[in-house]
Amino acid sequence: MDSVWSVFFVASIFLFFLSAIFLYKKTSGHKTGSSQYRRSPLPLGTLGWPFLGETLDFIACAYTDHPESFMDKRRRMYGKVFKSHIFGSATIVSTDAEVSRSVLQSDATTFVPSYPKSLTELMGKSSILLINGSLQRRIHGLIGAFFKSSSLKAQITHDMHKYVQESMAAWKENHPIYIQDEAKKVSSLSLSLSSHTQKETQGRTDKDKQSAHTYTHSKYRAHVAFEAKKKMVKLVHKVIQEKRESNSIDSTVPKDVVDVLLNDTSELLTDELISDNMIDLMIPGEDSVPVLMALTVKYLSDCPAALQQLTEENMKLKKLKDGLGEPLCWNDYLSLPFTQNVITETLRMGNIINGVIRKAMKDVNIKGYFIPKGWCVFAYFRSVHLDDNQYNSPHQFNPWRWHEKDMSTCSFTPFGGGQRLCPGLDLARLEVSIFIHRFVTQFRWEAEDDSIVNFPTVRMKQRMPVWVKRRTDPQL
Ligand code: HEM
């Protein structure tokens with residue numbers, strides 16, 4: 001019996017080394033396609049276990065309070081750019097702001113987005129997150145221009161006021177209020193972007209939001225998410241059909257993103273493409289923006305000096321506008337400097353999108369780092385945002401640092417950069433500013449203990465429970 005075990009043991013070791021050599025040859029023994037890079041070495045690092053690579057270690061760190069510890073450890077050993085093997089792909093991880101900027105700024109002939117298969121199936125092949133080249137630029141341009149328009153910002157401000165007011169009016173003082181859930185309820189983007197102005201679709205909004213919700217939160221439970229997405233696609237298709245049939249689109253003043261895309265005269269935009277993209281646009285409104293709201297409340301609750309200054313700034317604006325008898329408009333919010341610094345600092349520390357993954361379409365050399373064709377690059381923003389060479393005491397919430405610091409550098413990229421820079425960045429800030437303004441000017445609160453979960457998506461573990469008291473001293 002002993003000899004059987006010995007044979008089995010030796011055979012296992014042999015198989016282990018065989019697969020390690022196979023993996024090593026497949027990923028490290030890369031023959032460069034172009035002579036230009038033939039001499040360039042790969043960045044240092046290890047590809048980890050056969051097949052698994054370093055994925056388990058990555059995930060184990062991702063579940064802790066310091067998901068960047070996976071990167072920190074390797075940064076210390078190999079430098080800011082290193083090779084690894086995560087989520088089934090040979091990957092160059094960049095925690096170097098300039099290397100990541102080069103990756104983001106490259107066009108689709110050099111790098112294309114890369115997502116796990118389960119996600120690409122969910123997104124649909126025409127999603128802006130997956131398409132490349134001129135079609136991506138076209139859609140990005142159309143959506144971006146619409147999101148910048150003051151008419152949309154005015155509409156969002158109006159809607160948000162209404163939703164936030166209605167929702168906060170119902171808050172009870174002797175019950176915990178879950179900020180993350182409340183933020184989700186009032187995040188009006190999904191409505192504003194698809195069909196909020198269409199009276200005939202009003203009855204559908206709850207179902208619509210529910211499907212978006214299920215889709216977002218079950219990205220990792222493929223079947224449920226797929227069913228939810230199918231429902232949403234059907235719904236958006238119906239909206240498109242109705243719009244086409246009723247000929248109701250005003251090309252000069254588009255009311256929502258469906259109008260913007262339907263107005264396009266290039267005939268590149270099919271109904272399938274429009275609905276896939278509408279769904280992508282619903283997700284941040286349902287997910288990232290409410291999380292940003294909840295994180296802002298969390299950091300403010302933990303930093304009384306910042307809360308005090310932010311409250312004073314917002315109270316001052318309220319008093320001024322009340323005195324003039326004017327409602328607050330979108331640029332009032334975006335021009336509150338300290339409030340904007342608080343949101344900026346929340347984006348830096350919160351890292352709602354911790355990085356992006358691209359796949360090299362050819363051999364590339366950036367700052368002396370060789371990236372072979374077919375490899376992925378993980379531009380990991382979180383490590384840059386928490387790098388003590390870039391930010392003093394990076395783990396400390398310090399909105400005052402932004403008085404002097406420039407936001408438009410490659411060491412601050414919560415919204416990505418280059419050709420795929422998030423077109424919704426202003427809207428996200430606007431929504432959060434409105435929510436926070438209404439919250440601090442109407443309530444005082446005590447926060448319960450809660451912590452931030454970073455994987456698979458960033459969120460508050462307990463949904464950020466707070467106990468509120470209505471202000472009886474509206475001027476502070
Ligand atoms: C806190 C809120 C948000 C964060 C942190 C965020 C972050 C990001 C990041 C990092 C990217 C770049 C992805 C890449 O390079 O592959 C991105 C792209 C994108 N975001 Fe956002 N986003 C937010 C809110 C929004 C909102 C409110 C919208 C619109 C409703 C939006 C729409 C988009 C779209 C359409 C893209 C794809 C652009 C393209 O590939 O051309 N985002 N976002």
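Every number for a ligand or one of its atoms is a count from 1 in the order of the listing. FYI, the numbering just counts along the sequence from 1.
Residue Ile143 places no heavy atom under 4.0 Å from ligand 1. Not a single heavy atom of Pro113 sits under 4.0 Å from any atom of ligand 1. Within the structure, the closest approach of Leu427 to ligand 1 does not fall below 4.0 Å when heavy atoms are considered.
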* side-chain contact (heavy atoms from CB on, under 4.5 Å) assessment of Asn354 paired with Phe378 -> CA-CA 10 Å; Asn354 63 19; Phe378 188 6; 4.0 Å; yes

* Asked: ring-ring contact (aromatic ring centres under 6.0 Å, His included) between Trp171 and Phe439: does it pass, once the steps are laid out?
  -> CA-CA 11 Å; Trp171 288 7; Phe439 186 37; 5.7 Å; yes

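Distances from atom 43 (N) of ligand 1 to the heavy atoms of Gly141, Ser187, Gly417, Cys422 show the closest one on Cys422.
At a 3.5 angstrom cut-off on N or O pairs, Arg358 counts as close to ligand 1. When only interatomic distances are considered, the shortest N/O to N/O separation between Gln136 and ligand 1 falls below 3.5 Å.
Of all the atoms in ligand 1, the ones that sit under 4.0 Å from a non-hydrogen atom of Leu129 are 37 (C). Counting the atoms of ligand 1 from 1 in the order shown, those under 4.0 Å from a heavy atom of Val356 are 13 (C), 14 (C), 15 (O), 16 (O). Residue-ligand proximity, Pro414 to ligand 1, at heavy-atom distances under 4.0 Å covers atoms 5 (C), 7 (C), 10 (C). Taking every heavy atom of Tyr115 and a limit of under 4.0 angstrom, the matching atoms of ligand 1 come to 16 (O). Taking a cut-off of under 4.0 Å to the non-hydrogen atoms of Gly416, the atoms of ligand 1 that pass are 10 (C). Of all the atoms in ligand 1, the ones that sit under 4.0 Å from a non-hydrogen atom of Phe147 are 29 (C), 30 (C).
With respect to Arg101 and Glu98, no salt bridge is recorded, no charged nitrogen being found less than 4.0 Å from a carboxylate O. Between Lys185 and Asp181, none of the side-chain N atoms (NZ, or NE/NH1/NH2) sits under 4.0 Å from a carboxylate O, so this pair counts as no salt bridge.
For the pair Lys405 and Tyr391, the cation-pi test (distance below 6.0 Å, angle within 45°) is passed.
Looking at Asp406 and Ser408, their side chains do bring a donor and an acceptor atom within 3.5 Å of each other.
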